[in-house]
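Computed from a predicted structure; not experimentally measured. Residues take their numbers from the sequence shown, with the count starting at 1.
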Amino acid sequence: MRRLTSRRRRRWLWRWRSNPLRRRDDVVETWIVLAMWVVIGLGGTLVGVVTAQDAEASFAQLRHDRHSARVVLVENTTRAVQTGDGATYRHVRAKVRWTAPDGSVRTGRAPVDSGRNAGSRVTVWLDSNGQFTEKPPTAKAAAVEAGTLGTGAALAFGGLVFAAGRLAQWRLDQRRYDRWGREWDQVGPRWGRRTT
């Protein structure tokens, strides 16, 4: 069993072993591949985690900055508008009235559900400046989206590093082909000659 393990290790590490057929480019290529996979593993993980944490912090800030307000519809909202493919628009912009935290009465146009009558109370979302906005994502939805963004960033980073490593390997292959071509130009004319 010990001999078998030793054989496998030698086969796996053949580019680092002393070998008369080993070229400098083989060693360089091995280091490129090793570095590429280490950077993909460690760097991709780091990029993914940092991206997910930043996205989660951004979504938490949205939840902190946005707040709901109960408003009164000043006008009737139109019924849902049918589109050609059968889908409906659930939200329409309608004039609403609400009391601000400072006690003043304000009016504006906010996105509300369609099919409501004037005088109905509805909930809208306001940002820190008092402007109408969309509902912020829930903590669970934000965690899923942050995880998705982190995974996407890690995969994108890994793809770029992999492409850079493959480009370096391709360049090494081109150098080898050029070197083999020059050597063949020297050896080729003498190939079929007989020596006496």
Side-chain angles (χ1 to χ4, degrees), residues 32-171:
I32 288 172
V33 170
L34 180 64
M36 177 180 70
W37 286 112
V38 167
V39 170
I40 286 173
L42 297 178
T45 302
L46 180 66
V47 166
V49 168
V50 168
T51 301
Q53 287 176 345
D54 285 351
E56 184 66 41
S58 175
F59 292 136
Q61 186 65 38
L62 279 179
R63 285 192 303 277
H64 179 266
D65 290 346
R66 295 180 182 181
H67 62 280
S68 62
R70 294 287 290 168
V71 299
V72 177
L73 282 173
V74 176
E75 62 187 7
N76 291 334
T77 60
T78 57
R79 295 282 175 205
V81 178
Q82 292 284 341
T83 61
D85 60 359
T88 59
Y89 295 108
R90 288 191 54 225
H91 296 286
V92 294
R93 293 191 69 79
K95 191 171 184 180
V96 296
R97 181 181 65 241
W98 74 99
T99 303
D102 63 4
S104 63
V105 176
R106 297 189 182 171
T107 59
R109 297 190 77 75
V112 296
D113 289 338
S114 63
R116 300 290 183 114
N117 294 324
S120 299
R121 295 187 71 74
V122 294
T123 302
V124 295
W125 288 87
L126 300 167
D127 63 14
S128 57
N129 297 325
Q131 301 295 319
F132 294 112
T133 186
E134 295 294 321
K135 180 180 179 179
T138 63
K140 186 176 181 180
V144 169
E145 192 167 347
T148 303
L149 289 171
T151 302
L155 290 174
F157 178 81
L160 288 174
V161 172
F162 184 78
R166 292 297 296 156
L167 180 66
Q169 285 180 297
W170 176 81
R171 188 65 193 115

Asks: Are any side-chain N or O atoms of E56 and backbone N or O atoms of A146, one a donor and one an acceptor, separated by less than 3.5 Å?
Replies: no
Asks: Distance from L62 atom CG to H64 atom NE2, nearest 0.5 Å?
Replies: 11.5 Å
Asks: To the nearest 0.5 Å, what is the distance between CG (L160) and CG (L155)?
Replies: 11.0 Å
Asks: Heavy atoms only: give me the nearest G43-F157 pair and the separation to one decimal.
Replies: C-CE2, 3.5 Å
Asks: Is there a side-chain contact between V112 and V124, using heavy atoms and a 4.5 Å cut-off?
Replies: yes
Asks: Count the heavy atoms belonging to other residues, nucleotides or ligands that lie under 6.0 Å from CZ of R166, then report whether that count exceeds 12.
Replies: no
Asks: Could you pull out the closest heavy-atom pair between V33 and Q169, with the gap in Å?
Replies: CG2-NE2, 3.1 Å
Asks: In Å, rounded to the nearest 0.5 Å, how long is the span from CZ of R66 to CG of D127?
Replies: 7.0 Å
Asks: Can you tell me if E134 has over 12 outside heavy atoms packed within less than 6.0 Å of its CD?
Replies: no
Asks: What is the distance from atom OG1 of T133 to atom NE2 of H67, rounded to the nearest 0.5 Å?
Replies: 11.0 Å
Asks: Nearest 0.5 angstrom please: L126 CG to D65 CG, how far?
Replies: 12.0 Å
Asks: Can you measure from NZ (K95) to CG (L73) and round to the nearest 0.5 angstrom?
Replies: 12.0 Å
Asks: Restricting to non-hydrogen atoms, name the atom on P111 and the atom on R93 that form the minimum distance, rounded to 0.1 Å.
Replies: CD-NH1, 3.6 Å
Asks: Grab the two heavy atoms, one from N117 and one from S120, that are nearest each other, plus how far apart they are.
Replies: O-OG, 2.8 Å
Asks: Tell me, yes or no, whether the heavy-atom count around R121 atom CZ, taken from other residues, nucleotides or ligands under 6.0 Å, exceeds 12.
Replies: yes
Asks: Assign the ring pair F132 / W98 to parallel, tilted or perpendicular, where the plane angle (0 to 90°) is split at 30° and 60°.
Replies: perpendicular
Asks: At their closest point, which heavy atom of R63 faces which heavy atom of P137, and how far apart are they?
Replies: CD-O, 3.2 Å
Asks: Looking at every heavy atom in both S68 and T123, which two are closest together, and how far apart are they?
Replies: CB-CG2, 3.7 Å
Asks: Does any N or O in the side chain of S58 come within less than 3.5 Å of the main-chain N or O of D54, such that one atom is a donor and the other an acceptor?
Replies: no
